[in-house]
Structure formats: structure tokens, C-alpha cells
A.B. asks: 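Here's a structure for you.
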Protein chains: 2
Amino acid sequence: MSDRKTQFEKALLGLRSLVMSGEFTGSTRLPEVALADRLGLSRTPLRQAMDQLVSEGLLERIETGGCRAARFTLDDINDAIELRGVIEGTAARLAAERGADPAIMLDAERVLDRIDTALARPDHIDFDAYIIENAAFHQILSRLAGSQLMQREVDRVSRLPLASPSAFLREQELIPDFSASLLRAQHQHRAIVEAIRAREGARAEHLSREHARLARRNLDHLANAGPGVATRVPGLSLLSAE
Amino acid sequence: MSDRKTQFEKALLGLRSLVMSGEFTGSTRLPEVALADRLGLSRTPLRQAMDQLVSEGLLERIETGGCRAARFTLDDINDAIELRGVIEGTAARLAAERGADPAIMLDAERVLDRIDTALARPDHIDFDAYIIENAAFHQILSRLAGSQLMQREVDRVSRLPLASPSAFLREQELIPDFSASLLRAQHQHRAIVEAIRAREGARAEHLSREHARLARRNLDHLANAGPGVATRVPGLSLLSAE
DNA sequence: TAACGCATCTCTGTATACAGGATCGGGCTG
DNA sequence: CAGCCCGATCCTGTATACAGAGATGCGTTA
């Protein structure tokens with residue numbers, strides 16, 4: 001095999017991006033054979049991928065069989081953000097209380113530097129770099145807590161549908177003072193890392209929650225921009241399925 | 001089919017109890033065909049169940065293929081308890097802030113009454129009833145938050161390995177003032193429900209965290225009882241795999 | 001006697017075949 | 001003309017067949 005990826009991984013990536021693209025926003029059942037053909041693999045790995053996405057919450061089972069794209073309410077999205085803040089906050093607190101691996105701390109700070117670079121010019125923000133590095137930062141944060149379990153759960157919750165900040169970025173002009181909002185988020189990142197370094201668990205947790213609150217405020221801006229907006233934002237397009 | 005359950009559900013239940021029983025504590029790979037035969041079904045639904053248990057964290061993948069029983073450290077267990085408290089606390093706070101469904105509140109209180117009954121005589125506690133009703137309470141708590149997402153995540157986290165209180169119950173004599181500990185937990189349950197009814201979000205969250213702290217204290221008692229104990233407690237037997 | 005290599009054999013990952021049930025459309029009937 | 005019943009078709013859930021990779025054990029050789 002020239003490709004090192006397993007069929008299952010191909011199915012997972014392909015299906016996820018297909019669903020995220022909003023193609024199945026209508027609540028119809030996802031046809032297995034058609035999708036398998038389209039992705040160039042058999043039903044077996046495709047069904048595995050569907051199971052995985054169901055457990056991630058991106059798809060939901062239908063009583064009569066099969067599954068469809070999950071439909072989200074504004075409460076769902078708010079809760080996803082809330083959860084992310086709470087769980088990441090817990091991870092940050094535990095990291096501070098237990099002491100974090102210096103190597104990982106260095107990684108975190110290096111990523112923060114790259115985010116600084118992406119945000120350097122407020123009028124020409126490098127959005128692509130920001131998205132990537134921001135995701136990397138949260139990934140690294142999950143490794144700071146130490147225990148494998150906490151790491152897994154933080155990763156999980158950051159994959160919760162629509163909790164991703166990329167949706168906001170795609171419609172950044174809707175959010176007043178958008179670049180200021182990104183800068184504030186970056187300052188919070190710095191402060192969290194500093195708190196962990198200073199072994200101030202409570203402060204690290206508090207800051208993570210504030211961070212989530214900022215994300216939710218941005219979401220509110222999007223939601224208040226009217227129903228038309230949701231359909232134009234890839235990640236949020238599922239909203240309109242309601 | 002006389003049985004209404006799907007093969008997959010049979011596989012999931014059977015495999016979960018098999019793994020929880022500690023039979024695969026050794027880090028050997030779980031043989032698929034043998035297990036499928038033993039549970040009386042084919043490899044397909046068994047593999048589905050394995051995927052599910054991997055995503056629950058009870059099993060872990062092996063690089064070369066297949067999977068084995070996950071091995072947990074004390075940090076993992078502590079984190080699971082920590083997470084449960086934090087997430088349930090968030091759910092309770094949101095329920096209080098948004099207002100909870102009165103019907104579900106009634107359910108919760110009815111379950112609390114049944115727990116009271118199970119704990120009525122400190123010297124003859126009905127452990128089986130307590131385990132069942134206690135699980136039911138946490139299940140109901142997850143429905144109070146309202147949003148589907150939060151409900152799913154609370155359910156998930158309460159299934160996190162070893163976060164279950166049943167392991168403690170099986171070795172109750174090891175924990176000093178064990179019945180007092182159960183009573184305190186029950187009082188916390190009552191207080192959480194009261195806080196939600198009174199719309200005191202912060203208090204509901206705080207109480208849930210205290211609840212988790214109590215569970216961790218019980219765990220410490222078990223852990224300090226020596227390594228031999230872990231192997232005698234079904235849920236904790238995996239500890240000795242380290 | 002120990003180590004290396006080869007053959008075999010088991011096991012996983014994937015594809016495909018099969019069976020039961022649900023859905024949809026057409027025809028029949030009131 | 002509307003509603004109901006029935007058959008055909010599609011689709012999911014499950015079982016099984018197949019291919020490739022990894023492990024194991026034995027024989028051979030230094």
C-alpha cells in the first residue's frame with residue numbers, strides 16, 4: 001500500500017469533513033453505500049467512522065436504523081463552550097497543582113509566540129496560522145494535566161461540535177472589535193500558562209473559564225447577527241436545520 | 001428473533017462486564033474470534049463493541065492492531081472523579097440558572113427518597129438498591145441541564161472507568177465510618193436538588209464539587225489500604241496491572 | 001549450545017454476501 | 001376521488017470470506 005493510512009482513517013477524515021461541510025444538513029438518513037462508493041472504500045470502515053462520529057456527537061442515530069447529521073440548538077453550542085472552559089480549566093488547575101512537565105511548558109510558550117506573530121498586525125491578521133496554532137495550544141494544554149484520562153477528555157471536548165473558534169473566524173467582520181477579541185484571548189492564554197508556571201491552580205482555572213466566556217460572547221454576536229448568518233458559516237450551518 | 005436486543009447491544013454488555021470483571025487484566029491482546037464465539041455472535045458486532053469501549057476508555061488500542069484492557073493509574077482515577085464533579089456541577093449550575101423541568105425534579109426527589117430507604121438502617125444498608133438508585137440519581141441529574149449535549153457528556157463522564165462508586169461499596173469495611181460517608185453523600189444530593197429548586201446556580205455547582213471531593217476521599221482510603229486491596233475490588237483490579 | 005532464518009500459522013483489517021425490515025409507490029376498493 | 005393494502009425495492013445489521021501483516025517455533029549453522 002502506498003498510503004500508510006488505514007481505510008478507517010480515510011473514512012473518518014472524509015466523512016467528518018463531508019458532514020462539517022453541511023452537505024447533509026437536511027435531516028435525511030446518510031446512505032452508507034453511496035458514501036462508501038464516494039469515498040472509495042467499503043461499508044465496513046465507513047460504518048466504523050459513522051460510529052465514531054456518533055460518539056463524538058457530530059452524527060446521531062435514527063431509531064429505525066442508520067444515522068443522520070446531528071442538529072444543534074443554541075443551548076447545545078453554549079453548553080459545549082461552557083464545558084470546554086470548565087474541563088480545560090480543571091486540567092489547568094491540576095497541572096498547576098501537580099506541576100507541569102517543563103518540556104511541554106516550553107512547547108506551549110513557543111506556540112504562544114507563533115500566535116503573537118499571527119496577530120502582530122491588527123489589520124492583516126494571519127487567520128490560517130491563527131486557527132492552526134490556536135488549536136495546537138489547546139492540544140498542548142490538554143497534555144499539561146499529566147494523566148492520560150484528562151488529556152483524552154480535554155481533546156474530546158475540544159472536538160465537540162461547533163466549539164471550534166474557526167467558525168467565528170470565517171465571519172469575523174460580524175464581530176465588533178474582532179482583532180481586539182483575539183488579542184484578549186491571546187492574553188488569557190499567556191496568563192493561563194503563567195499561572196501554571198507559578199503553581200496558582202485556582203487562578204489558572206478561573207482564567208480558563210474567562211476564556212470560555214469570551215468565546216461565548218463572540219458566539220452571541222454571531223447569533224444576534226440574524227438567522228442568515230448561521231447558514232453562511234460552515235460550522236454553524238447545522239443551526240439552520242432546526 | 002425472540003430477543004429484542006441487537007447483537008451489538010449484547011456484545012457491548014457482555015464485553016463490558018467481561019472486561020470489568022478483570023479477566024483481561026494482563027496486558028494481552030483481546031482475541032476477537034474467541035470472544036465472539038464465547039458471546040455467541042460474530043466478529044462484526046463484537047468489534048463494534050470494542051470500538052465503543054475504546055472510546056469510553058475501558059479498552060485501549062495496540063499499535064500493532066487489536067486492543068487490550070486499559071490500565072489506569074491513581075491519577076487517572078482521581079481525574080475521573082474530579083471531572084465528574086466538575087461536569088456534573090456545571091450541569092447543576094446550568095439547570096439552576098435556566099430553570100429545571102419540574103417533572104424531572106420530581107423524579108430526582110423520588111429517587112432520593114428511595115436512597116433514603118436504602119440507607120435507613122445504618123447497620124443493614126441495602127447496598128444493591130443503593131448502587132442502582134444512586135446511578136439513577138446521577139442519570140437524572142444529567143437530564144436537568146436541559147440541553148442534549150450536556151446530558152450526553154454527563155452520562156459519558158459518569159461511565160468513566162472506576163469513577164463508579166460500586167467499587168467502594170464492595171470493600172465498604174475498609175472505609176471508616178462508611179455508612180456515615182454514604183449519608184453525607186445523600187445529604188449532598190438533597191442539597192444539590194434544593195439549590196437547583198432555589199435557582200442558586202453557584203451553590204449547586206459548589207455542592208457537586210464537594211460531592212466529588214467526598215468520593216475522592218473514599219478512594220484514598222481504598223488506595224491507602226495497600227496494594228492487595230485493589231486486586232480484591234472488581235473495578236479496581238485493573239490498578240494492579242501496573 | 002546459542003543464534004539466525006525461514007516457514008507456518010494465527011490474527012486483524014477489509015470486502016462482500018445474505019437476511020430481515022422499513023419505505024415508497026401502485027393498484028384496488030369503498 | 002380518497003384511503004387502504006400489498007408488493008417491490010432499498011437499506012441496514014450481521015455473518016462470513018479473503019488478504020496481508022505479525023508472531024511463533026523449529027531446523028540449521030557457526
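Residue numbers begin at 1 in each chain, while the letters A, B, ... track the order of the sequences. Every value quoted in this text rests on a predicted model; they were computed, and no experiment measured them.
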A.B. asks: Taking the side chain from Glu88(B) and the backbone from Gly85(B), do they hold a donor-acceptor pair closer than 3.5 Å?
C.D. replies: no
A.B. asks: What is the distance, rounded to the nearest whole Å, between atom CD of Glu32(A) and atom C1' of dC10(D)?
C.D. replies: 12 Å
A.B. asks: Parallel, tilted or perpendicular, judged at 30° and 60°: which one describes the rings of His138(B) and His189(B)?
C.D. replies: perpendicular
A.B. asks: Report the distance from atom CG of Leu144(A) to atom CD of Gln151(A), rounding to the nearest 0.5 Å.
C.D. replies: 9.5 Å
A.B. asks: Starting at CG of Leu39(A) and ending at C1' of dT14(C), how long is that distance when rounded to a whole Å?
C.D. replies: 15 Å
A.B. asks: Whole angstroms only, please: what is the CD1-P distance between Ile62(A) and dA22(C)?
C.D. replies: 14 Å
A.B. asks: Find the distance Glu63(B):CD to dG13(C):P and express it as a whole number of Å.
C.D. replies: 12 Å
A.B. asks: I need the CG-P distance between Asp37(B) and dC11(C), as an integer number of Å.
C.D. replies: 11 Å
A.B. asks: Measure the shortest side-chain to side-chain distance between Phe8(B) and Leu12(B) over non-hydrogen atoms and say whether it is less than 4.5 angstrom.
C.D. replies: yes
A.B. asks: Starting at CZ of Phe8(B) and ending at C1' of dG20(C), how long is that distance when rounded to a whole Å?
C.D. replies: 20 Å
A.B. asks: With DNA chain D as reference, determine whether Thr44(A) or Met50(A) sits nearer its 5' end, using the nearest nucleotide of each.
C.D. replies: Met50(A)
A.B. asks: Given atom CD of Gln7(B) and atom P of dG13(D), what is their separation to the nearest angstrom?
C.D. replies: 13 Å
A.B. asks: Quick one: label Leu46(B) by what it contacts on the DNA or RNA (base, sugar-phosphate, nothing), any heavy atom closer than 4.0 Å.
C.D. replies: nothing
A.B. asks: Reckon Arg47(B) has a side-chain N or O less than 4.0 Å from the OP1 or OP2 of dG13(C)?
C.D. replies: yes
A.B. asks: Examine dA15(C): is either OP1 or OP2 under 4.0 Å from a nitrogen or oxygen in the side chain of Ser42(A)? Give yes or no.
C.D. replies: yes
A.B. asks: Lys10(A) has an atom NZ; how far is it from atom C1' of dA15(C), in whole Å?
C.D. replies: 13 Å
A.B. asks: Look at the side chain of Arg43(B) and the base of dG13(C), then say whether one donor and one acceptor between them are separated by less than 3.5 Å.
C.D. replies: yes
A.B. asks: Please report the interatomic distance CZ(Arg47(B)) to OG1(Thr44(A)), rounded to the nearest 0.5 Å.
C.D. replies: 9.0 Å
A.B. asks: When you measure from the side chain of Leu41(A), which nucleotide among dT12(D), dA15(C), dA15(D) comes out closest?
C.D. replies: dA15(C)
A.B. asks: Does Thr64(A) make a side-chain donor-acceptor contact with the base of dA22(C), cut-off 3.5 Å?
C.D. replies: no
